[in-house]
Amino acid sequence: MNGLRAVLVGAGSMGKAWAKAVTASPEVDLVGWVDIVDQRAREAVEVLGLAGVAVEAEIGAALASLAPDFVVDATVPEAHHEVTTTCLQNGVPVLGEKPLAATMEEARELVKLSEHTSTLFVVSQNRRYNAGLASFRGLLAERLGGVGHLNAEFYRAPHFGGFRDEMDSPLLLDMAIHTFDAARYLTGADALTVACSEFNPPWSWYRGAASAVAEFEMTGGLRFSYQGSWCAQGFETSWDSSWRAVGPSGSALWDGTTDPVAELLAGTGGDHRLERAEATPVAIPGLGIEGTLADFVTALRTGEAPMGECHDNLRSLAMVFAALESTRTGRRVEVGT
Ligand SMILES: NC(=O)c1ccc[n+]([C@@H]2O[C@H](COP(=O)([O-])OP(=O)(O)OC[C@H]3O[C@@H](n4cnc5c(N)ncnc54)[C@H](O)[C@@H]3O)[C@@H](O)[C@H]2O)c1
């Protein structure tokens, strides 16, 4: 036990996944687990067979008694503001689950607090940590000559049960952040405006809108179009969406599962011959939350800002809330942070 001391908050489904990632890291020791229903954390400690993990029902008490080097926040979105505020005010860095916060106002407050306390706050945008996505990004940057048109299709039909079936805007609020954030990661562009329409197909088993179509105008003139549904049965895409990027030198595809490919102009001048190009494999620090944790630990040790640092992640969250505003008002709206 001589790694960085971590306290985990939230013992639900993601909390358990985080406990496994944290205990698997050779650089981190899990010293505490907090849940307002402390019995949940106690049971999880037992089920996972963890030793030396103290259980608390409140984050403030855990900070005082355990003096962690950082906190992983895997609570429900509505609790992110409270948990992260307590940590940052005590100078304890936070690696939080998405979304940054439940509202843009709360998110802005947390970003300011991270600044004022000079304390690192990173949102774990785990779907960025995918070797296929990283190599697709490389293909776009190195071979496509820039991206002018990007499209993501996300079509799945999960039967979650629970809160997603009952919430407003389940697709836009709970899932689309991953795809919107990936569009920024792939292109290095930020969203300026969006026109979005969300709707709930008649056969949907969700109470809120489970489908959406959005078109973002991004910096550099890029257009990013998104079509998604959580009640699309048949021909499902991967959880990482199916992507098409179009640039001056050709087009590139990534289905979210197999290796990305491109068709690129082979000749010069009037020669319109196309040749197939494969993406170059790219090493990542770890898959999913293991990658976000590895980058976060490196950031604590080096002081370098990792992907998902709150100022940057706010721009992805802003895409979600602007899309919601557009669908509510029926107008194209600015994506403001
Ligand atoms: N990145 C991903 O792929 C992914 C997937 C699923 C969920 N998530 C995110 O992870 C987070 C947790 O989701 P989940 O599915 O594990 O939820 P969950 O409801 O299963 O668990 C959340 C836990 O947090 C606890 N909690 C609530 N408020 C708290 C507080 N103030 N202090 C301490 N504990 C508190 C609850 O008692 C509960 O045990 C959410 O933000 C969700 O959006 C991310």
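When a residue number appears, it is its place in the shown sequence, counting from 1. Counting convention: from 1, in listed order, for ligands and their atoms alike.
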Problem set entry | side chain to side chain contact (heavy atoms under 4.5 Å, CB included) between Leu324 and Leu173, intermediate numbers included | CA-CA 8 Å; Leu324 285 167; Leu173 269 177; 3.8 Å; yes
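Looking only at protein heavy atoms, the nearest one to atom 38 (C) of ligand 1 is Arg40 NH1, 3.2 Å. Protein heavy atom closest to atom 41 (O) of ligand 1, with residue, atom name and distance, is Lys98 O, 2.9 Å. With respect to atom 23 (C) of ligand 1, the closest heavy atom belonging to the protein is Asp35 OD2, 3.7 Å. Counting protein heavy atoms only, atom 40 (C) of ligand 1 is closest to Thr75 O, 3.5 Å. Atom 31 (N) of ligand 1 has Ala79 CB, 3.6 Å as its closest protein atom, hydrogens excluded (heavy atom only). For atom 18 (P) of ligand 1, the nearest non-hydrogen atom of the protein is Gly12 CA, 4.0 Å. The nearest protein atom to atom 17 (O) of ligand 1, hydrogens excluded, is given as Val76 CG1, 4.4 Å; this is a heavy-atom distance. Closest to atom 34 (N) of ligand 1, if we only count protein heavy atoms, is Ile36 N, 3.3 Å.
A donor-acceptor contact closer than 3.5 angstrom is absent between the side chains of His80 and Glu97. There is no side-chain donor-acceptor pair under 3.5 Å between Ser316 and Asn313. Donor-acceptor pairing under 3.5 Å is recorded for the side chains of Ser169 and Glu198. Residues Glu217 and Thr193 bring a donor and an acceptor atom of their side chains to less than 3.5 Å of each other.
Ring geometry, Phe136 versus Trp243: the interplanar angle falls from 30° to 60°, so the pair is classed tilted. Ring geometry, Phe160 versus Trp230: the interplanar angle exceeds 60°, so the pair is classed perpendicular (tilted spans 30 to 60°).
Closest approach of Ala41 to Asp35, counting heavy atoms only: CB-CB, 4.2 Å.
When non-hydrogen atoms are compared, ligand 1 lies under 4.0 Å from the side chain of His178 (C-beta onward) but not from its backbone. Heavy atoms of Glu78 found under 4.0 angstrom from ligand 1: none, in either backbone or side chain. Counting heavy atoms closer than 4.0 Å to ligand 1, residue Gln125 contributes nothing at all.
With ligand atoms numbered from 1 in the order given, ligand 1 contributes 41 (O) to contacts under 4.0 Å with heavy atoms of His80. Here is the list of ligand 1 atoms found below 4.0 Å of a heavy atom in Pro77: 40 (C), 41 (O). Shown in contact with Ser13 at under 4.0 Å from a heavy atom are these atoms of ligand 1, numbered in order with element: 14 (P), 15 (O), 16 (O), 20 (O). Below 4.0 Å from some heavy atom of Arg164 lie the following atoms of ligand 1, by number and element: 6 (C), 7 (C).
With hydrogens and angles ignored, the 3.5 Å screen pairs a side-chain donor or acceptor of Ser326 with a backbone N or O of Arg331. Judged by distance alone, the side chain of Thr219 and the main-chain N or O of Asp190 form a donor-acceptor pair under 3.5 Å.
Within the cation-pi definition used here (under 6.0 Å to the ring centroid, within 45° of the axis), Arg223 does not qualify as a partner of Phe216.
At a 3.5 angstrom cut-off on N or O pairs, Asn126 counts as close to ligand 1. Backbone and side-chain nitrogen or oxygen atoms of Met14 are examined, and one is located within less than 3.5 angstrom of a nitrogen or oxygen of ligand 1.
Distances from atom 44 (C) of ligand 1 to the heavy atoms of Arg127, Met175, Glu97 put Glu97 nearest.
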